Number of protein chains: 2
Amino acid sequence: MTETAGERRAQQSREAAKSGEPGRGGEPARREPQGITAEMILDAAVKILEEEGHAAVTMRRVAGDLGVAPPTVYWHVGNKEALWARLMDRLEQDLRCVQPVGSTPAERICSVVRGLHQQLRRSPALHALAEVTGRSLTLYSPSQSVLVAEFQRAGMSPRQVGFALHNLLAFSASFFYVDVFLLKEGRRTHHFAGPDALAPELDPDTAAAVTSDADMDAVFEFQLAGLVDSLLALGDDG
Amino acid sequence: MTETAGERRAQQSREAAKSGEPGRGGEPARREPQGITAEMILDAAVKILEEEGHAAVTMRRVAGDLGVAPPTVYWHVGNKEALWARLMDRLEQDLRCVQPVGSTPAERICSVVRGLHQQLRRSPALHALAEVTGRSLTLYSPSQSVLVAEFQRAGMSPRQVGFALHNLLAFSASFFYVDVFLLKEGRRTHHFAGPDALAPELDPDTAAAVTSDADMDAVFEFQLAGLVDSLLALGDDG
DNA sequence: ACCTGAACACCGTTCAAGT
DNA sequence: ACCTGAACACCGTTCAAGT
């Protein structure tokens, strides 16, 4: 909420570096790393993030890995919150646009959402960041227009397209969060039911089924298929 | 993962306090707070959690609010991770069992999930804790048997009941997480679409609908109704 | 059994000072 | 413009020592 002097300084240095990029003076554009750049800081932070999680990403640690004093990091990126934001921006840019696959609209839409989910799931850095930044709801930008186009082709009205997109993004985001927190707990599978879940008179078969590990992939596919069908049905009688 | 000596000591003190509760010796059971109890520590922590969020919950702060030195808190609760766990246990116990309302199975099941969601949403302490502990997937214990009973009454097989329950719990948990992270960002509504969401040739009406704030309550209700219908349909042709 | 003061090894951040 | 040493105000945690 408050913009510190450090952040403002970092902003200026970024601008300066950018405007200096297309060689405008007399000298040839030499880019010897006579010091450290913001990009190098992000590189180091991502590396720590992937290998040791968000708790290990310390301003002092980042500085140390680059052989530099802590205030240098502050000079380049402002502060820690700005570092998180920049990391999120970078990881967001790395997300590829998912192309739809399949013959029916339902198949194509499902394939895009599934592709997004798998892409997010494969990035340990994103998982670690999600714990700390609370963003990732706008992560899916590059693939959003693909989804919009599919819904339009299915004959949905503008309002319906908006509602459908919001539904799919909420769906993706929420399953991503579940992944994040499962990982945080160190669990690979869901074991939802607590000891209080069972009424004492419950038959053994049902008790076993309820307390067994949840197959989250099956849950994901089941809910995705149902959701996409419901959304497309909105267009039929619109 | 490692049980420290401090935790073990705290465990013993808890046991001792418990076994001393039903007055067993000669003296009458007097319970003057000649010092501090673990319960008082939890009270203080919950208060900070509700009013200032998880970042304000500091061992020193908790101690200070109780007029006690930091090591005293360690003596009673072990360490900070144990404090989080105990807080989660307490908040979990405060969750009431939601009773189903409605005439059809779908209505009754939806009413329970909706009730759970609203209950979680109303607890700022739970939100704050979810950011830090990553639990809350087993939060719904007291209402789970209600859901199981409803699915059984709808004629579903044991395996189907298990799958249905896992679906509903995953659904509840994921919407809870979305709430948590929206709150962390300080947003009240969802604005999913980033600037890249729109293909340039998109018609203005659709563009406006897509970039408008998402009505998350409508999304919740739409997905819940669709999910419950799909789950109950599993029982029809089982 | 319960509590304390003092310390250790960390944080994020700033700031005057260097080149 | 870029980097540093030193400091400030915090953390979680431990430990010997008190009663």
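Lettering of chains follows the sequences in order, A, B, ..., and the numbering in each one begins at 1. Owing to the predicted nature of the structure, the values given are computational and were not obtained by experimental measurement.
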Problem set entry | Nearest non-hydrogen partners of B:G115 and B:V98, listed with the distance | C-CG2, 4.0 Å

So which protein nitrogen or oxygen atoms get under 3.5 Å of nucleotides 4-6 of chain D's nitrogens or oxygens?
| unit_1 | atom_1 | unit_2 | atom_2 | d |
| --- | --- | --- | --- | --- |
| D:dT4 | OP2 | A:A69 | N | 2.6 |
| D:dT4 | OP2 | A:T72 | OG1 | 2.7 |

For this session: Ignoring backbone atoms, establish whether B:H76 has a side-chain N or O less than 4.0 Å from OP1 or OP2 of C:dC3.
Result: yes

Problem set entry | Check: A:N167 main-chain N/O paired with B:Q223 side-chain donor or acceptor under 3.5 Å | yes

Problem set entry | Pairing string, 5' to 3', for DNA chain D - Watson-Crick or wobble contacts under 3.5 Å, brackets [ ] where pairs cross, | to another strand | ||.|||||...|||||.||

Exercise. Distance-only, no hydrogens or angles: does the B:T72 side chain make a donor-acceptor pair with backbone N or O of B:V68 under 3.5 Å?
Worked result: no

Exercise. Separation of B:I41 atom CD1 from D:dG12 atom C1', in whole Å?
Worked result: 15 Å

Problem set entry | Spacing of A:R61 atom CZ relative to C:dC10 atom C1', expressed in whole Å | 14 Å

Exercise. How many Å lie between CD1 on B:I36 and P on C:dC2, as a whole number?
Worked result: 12 Å

Side chains of residues 42-51 of chain B: which donor-acceptor partners sit under 3.5 Å, not counting sequence neighbours?
| unit_1 | atom_1 | unit_2 | atom_2 | d |
| --- | --- | --- | --- | --- |
| B:D43 | OD1 | B:R90 | NH1 | 2.5 |
| B:D43 | OD1 | B:R90 | NH2 | 3.3 |

Problem set entry | For B:D65, all residues meeting salt bridge (Lys or Arg N to Asp or Glu O under 4.0 Å), sequence neighbours excluded | B:R61

For this session: Using atom CG of B:L83 as one end and atom P of D:dC11 as the other, report the distance to the nearest whole Å.
Result: 14 Å

Problem set entry | Length of the line joining A:Y74:OH and D:dC8:C1', which is rounded to integer Å | 13 Å

Seminar exercise, completed: Across all chains, not counting sequence neighbours, the salt bridge (Lys or Arg N to Asp or Glu O under 4.0 Å) partners of A:R60 are none

Exercise. Can we say A:R114 and A:D217 salt-bridge, meaning some charged N sits less than 4.0 Å from an Asp/Glu carboxylate O?
Worked result: no

Exercise. What pairs with A:F175 under ring pair (Phe, Tyr, Trp, His ring centres under 6.0 Å), at least two apart in sequence or on another chain?
Worked result: A:F171, A:F220

Exercise. Rounded to whole angstrom units, what separation is found between the CD atom of A:E81 and the C1' atom of C:dG12?
Worked result: 12 Å

Seminar exercise, completed: A:M59 CE to D:dC11 P, in whole Å, measures 19 Å

For this session: Test A:F176 against B:Y177 for ring-ring contact (aromatic ring centres under 6.0 Å, His included), laying out the working first.
Result: CA-CA 10 Å; A:F176 176 67; B:Y177 286 134; over 10 Å; no

